[in-house]
> 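Sharing a structure, written as structure tokens. Questions coming.
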Amino acid sequence: MSVKRTNVEETNVEGTNVERVAGRRRWSPVAAVALITAAVLAACGSSSDSGATAAATGSDQKISVSFLSYNYGTPDIGGKGTQALIDAFEKAHPNITVKPQGVAVADVLTRLQTDTAAGSPPDVAQIGWSKMAAAYQLLPIVPVQDIPTRADWNAAMAGFSQHLLSAVAVDGKVKAVPYTISIPVIFYNADLFRKAGLDPTTPPTTVAEVKKDALAIKEKAGAQGAYFAVVDSGKSDYLTQSVIASNGGREVGPDGLPAFDQPAAVGALAAMQDLTTSGAQPAITATNAVAAFGAGKLGMLIGSTAVTASLQKAATGRFELRTAGFPSFGSRPAAPTYSGAGLAVLAKDSAHQQAAWEFIKFLTSAEGFTIITSKIGYLPLRPSLATDPKYLAPYFAANKLLSPALAQLDSVSPYRSFTGKRASQAVVAVQDDAVEPIVLRGANPASTLSSVAGQVRGVLGQK
């Protein structure tokens with residue numbers, strides 16, 4: 001099957017070969033990945049899940065599952081990692097064939113609407129959380145939790161981050177299972193910290209400290225200081241929500257309507273503007289900021305762990321890359337919001353729904369998340385895998401960059417969706433008409449957010 005490859009910014013962590021240091025073996029990320037992958041494929045080959053699948057679909061009955069994925073649609077690590085997942089699943093479930101379909105991340109919702117209208121929606125779809133609320137309204141999604149028996153669901157979700165499952169639940173039910181999840185952190189250049197007279201072992205923990213350290217880097221190290229990637233090129237608002245929630249506010253109220261015109265939200269975005277006007281943060285796009293950081297010309301980048309691999313690749317041989325947890329506002333606890341996607345089922349008959357569940361169960365299993373983390377770079381949503389020698393312990397021992405994000409998994413702030421079928425348009429309006437003008441172009445935070453809140457209410461069909 002020919003699949004059009006599209007450019008989506010999906011990353012993972014890369015490294016070098018095994019080295020021997022002082023008579024001991026030191027595992028690099030690549031060597032750890034090789035070991036992990038071999039163990040996973042061996043475990044998959046003896047998986048008992050294939051028996052459950054055979055019972056559900058008939059021991060001699062073949063069935064196919066169509067899978068729409070924006071990771072699969074990339075020619076790099078996202079696509080290769082997704083293919084590795086599919087290969088491992090099919091080896092463990094020989095009676096189920098997966099038929100993947102690539103699509104650009106920005107086109108997922110439109111593609112699903114078109115396919116549904118044509119009567120041929122995919123059985124399983126990877127949908128970004130910023131589009132999930134609209135997807136529930138616009139598409140015939142079958143709640144994943146309704147497909148298996150209660151016992152099967154409970155067994156499959158044992159060890160999964162219960163905090164995250166609760167965060168994505170709708171009316172107490174998980175309609176889409178968390179799949180590829182990232183949490184924003186501080187990426188920082190330890191070499192620039194040293195040049196600025198800063199201690200790289202004590203990175204900033206608050207927004208005020210970020211500003212102070214950024215100004216020191218600009219003054220003493222000859223580089224730009226810091227960049228909060230709230231002006232997201234993908235029109236996602238996960239970092240906007242992270243900043244506002246960390247200041248005690250909400251972008252979206254409990255009723256699904258704008259709350260970003262309230263004092264806490266205004267104060268949070270005013271702080272982002274202050275970083276720019278003070279010179280601590282350059283007035284550039286997130287894409288340019290990532291490039292500047294990779295070139296060693298920016299001290300700190302506050303953004304999603306989805307860019308970890310590209311930054312590590314850029315830093316290799318040039319500077320020491322480190323990460324730290326998302327910064328707070330003063331004494332308030334940091335409240336980063338996750339980005340990424342969930343797995344939703346659109347299969348129309350029970351046989352395909354059961355096969356879709358088996359596929360999702362594998363993708364989100366210990367074996368699945370070991371491949372997802374080691375080959376693509378997303379967080380393992382089963383936290384114990386990071387210390388399990390059978391799965392990801394070698395990987396995390398060799399690579400510490402994801403550790404701060406993993407430590408925040410059980411306290412991550414839930415993604416808040418606007419209400420109604422036009423939720424995605426509301427997000428774009430917030431990002432384009434409020435966040436960018438305030439942070440990069442000096443627009444008045446209070447009046448701009450008040451005006452855009454009224455605009456978004458109109459988009460959502462509210463007065």
Side-chain angles (χ1 to χ4, degrees), residues 161 163-164 166-167 181-188 190 193 196-218 225-231 237-254 258-281 299-305 322-339 379 383 400-416 430 434-435 438-439 444-446 449:
S161 170
H163 176 78
L164 191 56
S166 297
I181 295 292
S182 300
I183 296 176
V185 297
I186 302 175
F187 295 94
Y188 65 101
F193 266 58
L198 303 171
D199 182 357
T201 66
T202 57
T205 60
T206 67
V207 174
E209 290 175 356
V210 169
K211 178 182 176 181
K212 180 182 177 181
D213 290 354
L215 290 173
I217 290 170
K218 186 175 182 181
Y227 188 86
F228 272 82
V230 288
V231 184
D237 59 340
Y238 76 94
L239 199 54
T240 299
Q241 291 202 17
S242 298
V243 169
I244 291 174
S246 294
N247 198 40
R250 294 182 68 164
E251 178 187 325
V252 183
F260 54 79
D261 53 351
Q262 300 303 305
V266 173
L269 288 176
M272 297 298 100
Q273 183 184 78
D274 176 64
L275 289 170
T276 306
T277 56
S278 69
Q281 171 171 272
M300 290 173 276
L301 175 69
I302 297 88
S304 171
T305 48
R322 296 190 185 187
T323 57
F326 192 77
S328 64
F329 281 84
S331 61
R332 295 187 180 93
T337 297
Y338 54 83
S339 61
L379 293 177
K400 305 294 186 183
L401 295 178
L402 289 179
S403 295
L406 186 63
Q408 297 177 124
L409 184 61
D410 284 337
S411 61
V412 68
S413 182
Y415 180 84
R416 309 288 184 181
V430 172
V435 176
I438 290 169
V439 177
N444 181 276
L449 290 169

> Heavy atoms, side chains only, cut-off 4.5 Å: are Pro327 and Phe228 in contact?
yes
> Could you list the residues that satisfy side chain to side chain donor-acceptor pair (under 3.5 Å) with Asn247, not counting sequence neighbours?
Arg332
> Among residues at least two apart in sequence or on other chains, which ones pass side chain to side chain contact (heavy atoms under 4.5 Å, CB included) with Ala208?
Thr206
> What residues, two or more places apart in sequence or in another chain, satisfy ring pair (Phe, Tyr, Trp, His ring centres under 6.0 Å) together with Tyr188?
Phe193
> What pairs with Asp410 under salt bridge (charged side-chain N to carboxylate O under 4.0 Å, His left out), at least two apart in sequence or on another chain?
none
> So which heavy atom on Pro336 is nearest to which on Ala334, and how close?
CD-C, 3.5 Å
> Can you list the residues that meet the side chain to side chain contact (heavy atoms under 4.5 Å, CB included) rule with Ala405, with sequence neighbours excluded?
Ile183, Val185, Thr305, Leu379
> Who passes side chain to side chain contact (heavy atoms under 4.5 Å, CB included) against Val252, sequence neighbours left out?
Gln241, Arg416, Phe418
> So, for Pro254 and Arg250, which heavy atoms are closest and what is the spacing to 0.1 Å?
CG-NH1, 3.6 Å
> Show, in sequence, the C-alpha distance, side-chain angles and deciding distance for Val412 and His163, and conclude whether the side chain to side chain contact (heavy atoms under 4.5 Å, CB included) test is met.
CA-CA 8 Å; Val412 68; His163 176 78; 3.8 Å; yes
> Taking C-beta and beyond as the side chain, do Leu239 and Ser242 meet within less than 4.5 Å on heavy atoms?
yes
> Identify the two heavy atoms, one from Phe260 and one from Val430, that lie closest to each other, and give their separation to 0.1 Å.
CE2-CG2, 3.6 Å
> For Arg322, give me all partners under side chain to side chain donor-acceptor pair (under 3.5 Å), at least two apart in sequence or on another chain.
Glu320
> State the CD1-CG distance between Ile186 and Asp213, to the nearest 0.5 angstrom.
9.0 Å
> Are the side chains of Thr323 and Lys400 in touch, meaning some heavy atoms are under 4.5 Å apart?
no
> Would you give the length of the straight line joining atom CG of Leu269 to atom CD1 of Ile438, rounded to the nearest 0.5 angstrom?
5.0 Å
> Considering non-hydrogen atoms only, spot the tightest contact between Ala196 and Ala216 and give its length.
CB-O, 3.7 Å
> Who pairs with Ser331 by side chain to side chain donor-acceptor pair (under 3.5 Å), at least two apart in sequence or on another chain?
none
> Going by the rule side chain to side chain contact (heavy atoms under 4.5 Å, CB included), which residues pair with Thr240 if we only count those two or more places apart in sequence or in a different chain?
Val230, Asp237, Ile244, Glu251, Gln431, Val435
> Are the side chain of Ser246 and the backbone N or O of Ala335 linked by a donor-acceptor pair below 3.5 Å?
yes
> Distance check, rounded to the nearest 0.5 Å: Leu406 atom CG versus Leu401 atom CG?
13.0 Å
> How about Val243 and Phe329: do any of their side-chain heavy atoms sit closer than 4.5 Å?
yes
> Suppose the criterion is salt bridge (Lys or Arg N to Asp or Glu O under 4.0 Å): which pairs have a residue in residues 263-278, not counting sequence neighbours?
Lys211-Asp274
> Kindly compute the distance separating OH (Tyr238) from OG (Ser413), expressed to the nearest 0.5 Å.
14.0 Å
> Does Tyr338 reach the main-chain N or O of Leu164 with its side chain, forming a donor-acceptor pair under 3.5 Å?
no
> Do Met300 and Pro203 have side chains that approach each other closer than 4.5 Å (heavy atoms only, starting at C-beta)?
no
> Tell me the closest heavy-atom pair linking Gly279 and Leu215, and the distance in Å.
C-CD2, 4.1 Å
> With distance as the sole criterion, is a donor-acceptor pair present between the side chains of Gln273 and Thr277 under 3.5 Å?
no
> State which residues pass side chain to side chain donor-acceptor pair (under 3.5 Å) with Thr276; sequence neighbours excluded, sorted by chain then number.
Gln281
